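To keep things clear, I will list the structure first and then write my remarks on it.
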Amino acid sequence: MKTERSLKSRALQLLSQRDQSRLELRRKLLRHAARERAARRERPASLSGVAGEDDDDSDPSAAAVEVDTLLTWLEANGFLSDARFAESRIHARAARFGNLRIRGELAQHGVAASAGATETLSASEPARAEVVRERRFGPPPESTAERAAQSRFLVARGFSPEVIHRLMRRRARADSEA
């Protein structure tokens with residue numbers, strides 16, 4: 001028989017695998033809590049123990065309160081940190097994606113980057129765009145069509161149009177001088 005794990009155990013397991021945002025972890029734990037409550041309702045009364053112990057299972061807000069209390073405890077004890085999550089996500093994505101994409105991912109998780117991280121990302125975006133372009137395409141674009149294709153690729157990676165325009169203009173100037 002499979003043993004049931006507590007919400008706290010499940011949360012700690014998820015956090016041990018990688019940093020999670022509060023919103024993301026809350027979503028996962030609420031799903032788990034809903035499955036557990038549904039399983040308890042389906043169990044016969046003789047297996048669940050005391051006859052009235054599952055009266056709060058019908059109230060979905062009880063699961064939300066339980067999960068929110070656990071999340072507050074995790075934050076208070078340093079297991080869960082949105083700032084640490086943002087830092088981790090920025091570090092993992094910065095080499096491949098632009099600021100727009102990174103900010104979008106953070107927004108999906110209900111987290112904002114710190115002012116220092118935003119400033120660092122903005123300062124390094126032109127260099128990162130050049131590295132990503134170079135890694136994907138190699139030599140500079142020789143035609144307008146190639147330049148457009150490379151620009152579309154960089155836009156899809158979340159680099160700002162201004163940075164892409166400056167990069168392509170600089171590459172075209174370097175080609176004309178050579």
Side-chain angles (χ1 to χ4, degrees), residues 1-125 128-129 132 136 152-161 163:
M1 184 168 131
K2 188 175 179 181
T3 60
E4 293 180 21
R5 292 187 13 231
S6 68
L7 279 178
K8 184 177 180 181
S9 168
R10 172 126 356 220
L12 290 172
Q13 178 198 17
L14 289 168
L15 288 169
S16 71
Q17 293 169 354
R18 71 169 176 83
D19 280 322
Q20 313 255 342
S21 69
R22 181 181 176 101
L23 182 66
E24 178 182 25
L25 189 59
R26 184 177 194 276
R27 215 177 292 136
K28 290 177 181 180
L29 292 176
L30 281 175
R31 236 178 315 169
H32 174 69
R35 278 195 309 266
E36 284 296 315
R37 289 174 183 277
R40 275 189 247 151
R41 279 194 300 272
E42 292 173 2
R43 235 182 270 143
S46 61
L47 293 177
S48 65
V50 182
E53 85 174 339
D54 292 334
D55 291 342
D56 69 331
D57 285 347
S58 60
D59 184 15
S61 65
V65 168
E66 182 182 6
V67 167
D68 289 335
T69 303
L70 174 61
L71 292 174
T72 302
W73 182 87
L74 290 167
E75 283 179 331
N77 288 292
F79 293 108
L80 179 64
S81 168
D82 279 346
R84 190 173 56 228
F85 170 78
E87 211 174 282
S88 170
R89 183 57 53 115
I90 289 169
H91 178 73
R93 300 289 193 246
R96 296 185 341 230
F97 298 110
N99 295 353
L100 298 175
R101 172 88 174 255
I102 293 169
R103 278 193 223 120
E105 281 189 27
L106 292 176
Q108 284 180 336
H109 290 279
V111 177
S114 68
T118 302
E119 189 176 308
T120 303
L121 278 175
S122 294
S124 68
E125 189 173 33
R128 291 184 293 118
V132 169
R136 174 71 166 92
R152 283 191 305 272
F153 172 77
L154 291 172
V155 165
R157 287 295 180 113
F159 291 99
S160 70
V163 168

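The basis for the numbers below is simple: all heavy atoms, side chains too, and nothing from hydrogens, waters or symmetry mates. Worth saying up front: this structure is predicted, and the values here are computed from it rather than measured. Residues take their numbers from the sequence shown, with the count starting at 1.
Put simply, CD on Q20 and CZ on R18 are 4.5 Å apart, with the number rounded to the nearest 0.5 Å. Taken to the nearest 0.5 Å, the CG atom of L70 stands 7.5 Å off from the CG atom of L25. For the atom pair L71 CG and S21 OG, the distance stands at 10.0 Å (nearest 0.5 Å). Annotation: the span from L7 atom CG to T69 atom OG1 amounts to 10.5 Å, rounded to 0.5 Å. In this structure, the separation between CG on L23 and CG on D82 is 8.5 Å, given to the nearest 0.5 Å. Annotation: the span from L12 atom CG to L74 atom CG amounts to 6.0 Å, rounded to 0.5 Å.
Not a single side-chain hydrogen bond (donor to acceptor under 3.5 Å, both in side chains) links S122 to another residue, sequence neighbours left out. Not a single salt bridge (Lys or Arg N to Asp or Glu O under 4.0 Å) links R35 to another residue, sequence neighbours left out. For E75, the salt bridge (Lys or Arg N to Asp or Glu O under 4.0 Å) test picks out R22, with sequence neighbours left out. For E119, the side chain to side chain contact (heavy atoms under 4.5 Å, CB included) criterion is met by no residue, not counting sequence neighbours. Judged as a salt bridge (Lys or Arg N to Asp or Glu O under 4.0 Å), and not counting sequence neighbours, K8 has no contacts. With sequence neighbours excluded, the residues satisfying side-chain hydrogen bond (donor to acceptor under 3.5 Å, both in side chains) with S9 are R5. Looking at residues two or more places apart in sequence or on another chain, you find a ring-ring contact (aromatic ring centres under 6.0 Å, His included) between F79 and W73. Taking D19 as the reference, R84 meet the salt bridge (Lys or Arg N to Asp or Glu O under 4.0 Å) condition, with sequence neighbours excluded.
Side-chain contact check for V163 versus N99: every heavy-atom pair is 4.5 Å or farther apart. The side-chain heavy atoms of V132 and F153, taken from C-beta on, include a pair separated by under 4.5 Å. No side-chain heavy atom of R26 sits less than 4.5 Å from a side-chain heavy atom of R31.
Closest heavy-atom contact between R37 and A63: NE-CB, 3.3 Å. Taking each heavy atom of L30 and A64 in turn, the nearest pair found is CD2-CA, 3.6 Å.
Sparse packing is recorded around CD of E87, with 12 or fewer heavy atoms of other residues, nucleotides or ligands lying under 6.0 Å away.
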Could you walk me through whether K28 and E24 satisfy the side chain to side chain contact (heavy atoms under 4.5 Å, CB included) test, starting with their C-alpha distance in whole Å, then the side-chain angles of each, then the deciding distance to 0.1 Å, before giving a yes or no? CA-CA 6 Å; K28 290 177 181 180; E24 178 182 25; 3.7 Å; yes
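Figure legend: cation-pi geometry between R128 and F159 absent, as NZ or CZ is not positioned both under 6.0 Å from the six-membered ring centre and within 45° of its axis.
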Using atom types as modelled, flag every donor-acceptor pair under 3.5 Å from a side chain in residues 101-111 to any protein atom, sequence neighbours excluded.
| from | atom 1 | to | atom 2 | distance (Å) |
| --- | --- | --- | --- | --- |
| E105 | OE1 | R89 | NH1 | 3.3 |
| E105 | OE1 | R93 | NE | 2.9 |
| E105 | OE2 | R93 | NE | 3.3 |

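Using a 4.0 Å cut-off between a side-chain N of Lys or Arg and a carboxylate O of Asp or Glu, R10 and E36 do not qualify as a salt bridge.
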